[in-house]
Amino acid sequence: MKKLLLITLFIMLFISSIISIKAQNNQFYNDSYQTIDNMLNDKQPYSFKEAVFSVENAYYQGKLDIDKLNGEIGFLKNFANSILKSRDLAYKESDKGKVSKYATVYSIMCETLPIAYKDTVIQYRPFSYDFTDVFGHNDISNLFVSKLLATKKGNCNSMPYLYKILAEEIGADASLALAPNHVYIKHNIKAGGWFNTELTSGIFPIDAWLTASGYIHLDAIKNGVFMKALNNKESLALCLFDLAQAYNRSFPGNDGEFVLKTINKALEVYPNFAKALILRAETHKEQFTKLMDTHNLKTDNPENLKLVQQQDPKAKELFELMNKEYGHIYEIGYRQMPEEMYLDWLMSLKTERGKYENKKLLDNFTK
């Protein structure tokens, strides 16, 4: 019986080592990391679209039809250019051309539009919010732009990503911004300065809606954790986080090496990126837990936490590191928002639209 147990343990360790090697040497994830790293170091042209699709292709292990996706983006780009030629905004400032592009991308994302085709007019159907698995817990691909393009349904990850991609395709800028569990768009125009574009509900909320969640601490705003207009390289840091998260889904139980490399690169670009800081701390916690297991000690016993640090210098290093990291996350103002509260907060844009909508902006986006 003892011999059988030893053989079983050996087989399990062997399989685990094979999985670990496969994870560490996975070419698709390595290629995506290299693509984004090259953009960050100006070794290849910046393209948010390419960065996003490289992450999704890594998760699908090279099976994502990039040509088809580029074709769909190309159609939306042509559609946007046709809208730009056919309508005129009631906007009088000198940056009208830029603002017209913002309004066009917004229309494609959020509005039903007529399309003339031969002798008929068909209705273009906009993208809509999908309340199924909004955090990607069951299937991480629910957060993907490729899923959004295929189904016309997305969430606060895929919809702002696609908005930014389309804006850049027609020569406009678009800044991603973060709130608890959330991504949205910020623009800066001469008639009013910065404004928010919320794609999940299709309105332009004032900042009061964001702070109404109750989970945006003033320190988080001051430190750029939330509500900051991210530049292009900081947006690539979001892609690196997505890559690390997808890697964990593809290779559960991995040793954390690739995840930490990817997250540390993201934090070089965007030091107070809360989700990346949390994932780094959680990865160190997982490594610490595995060390506890090798010493046959349970983590729920405080005495064992002291014992393993006495027995293993690496465990002591990890324990001190992850506690420092969790403390830093709190110090910069991050507060975790419960998922059910997030959904209520998101719905408040519709139920209290009159309270939070940026009314001064609306006239600038009318024909």
Self-check item: Full working for side chain to side chain contact (heavy atoms under 4.5 Å, CB included) between His187 and Trp194
Solution: CA-CA 5 Å; His187 284 308; Trp194 287 102; 5.5 Å; no

Quiz item: Residues two or more places apart in sequence or in another chain: which of them pass ring pair (Phe, Tyr, Trp, His ring centres under 6.0 Å) with Phe241?
Solution: Phe273

Quiz item: Could you give all pairs that pass the salt bridge (Lys or Arg N to Asp or Glu O under 4.0 Å) test and reach residues 127-143, with sequence neighbours left out?
Solution: Asp130-Lys147

Exercise. Verify side chain to side chain contact (heavy atoms under 4.5 Å, CB included) between Lys190 and Ser94, making sure each step is shown before the conclusion.
Key: CA-CA 8 Å; Lys190 291 189 175 180; Ser94 60; 2.6 Å; yes

Practice problem: Mind running salt bridge (Lys or Arg N to Asp or Glu O under 4.0 Å) on Lys290 and Asp293 for me, showing each step along the way? | Solution: CA-CA 5 Å; Lys290 287 180 179 178; Asp293 290 341; over 6 Å; no

Quiz item: Which pairs count as salt bridge (Lys or Arg N to Asp or Glu O under 4.0 Å) when at least one residue sits in residues 59-86, sequence neighbours excluded?
Solution: none

Quiz prompt | Partner set under side-chain hydrogen bond (donor to acceptor under 3.5 Å, both in side chains) for Thr200, not counting sequence neighbours | solution = Glu198

Quiz prompt | Check ion pair Lys324-Glu320 (N to O, under 4.0 angstrom) | solution = no

Quiz item: Do the two ring centres, one from Tyr59 and one from Phe144, sit under 6.0 Å apart?
Solution: yes

Self-check item: Non-neighbouring partners of Asn70 that pass side-chain contact (heavy atoms from CB on, under 4.5 Å), sequence neighbours left out
Solution: Lys49, Phe53, Ile66

Quiz prompt | Listed partners of Asn41 passing side-chain hydrogen bond (donor to acceptor under 3.5 Å, both in side chains), at least two apart | solution = Asp37

Practice problem: Drop me the distance from Cys239's SG to Tyr161's OH, to the nearest 0.5 angstrom. | Solution: 5.0 Å

Exercise. Quick one: pull up CG in Asn155 and CZ in Phe135 and give me the separation to the nearest 0.5 Å.
Key: 9.5 Å

Self-check item: Six-ring centre of Tyr330, Arg335 cation under 6.0 angstrom, axis tolerance 45°
Solution: yes

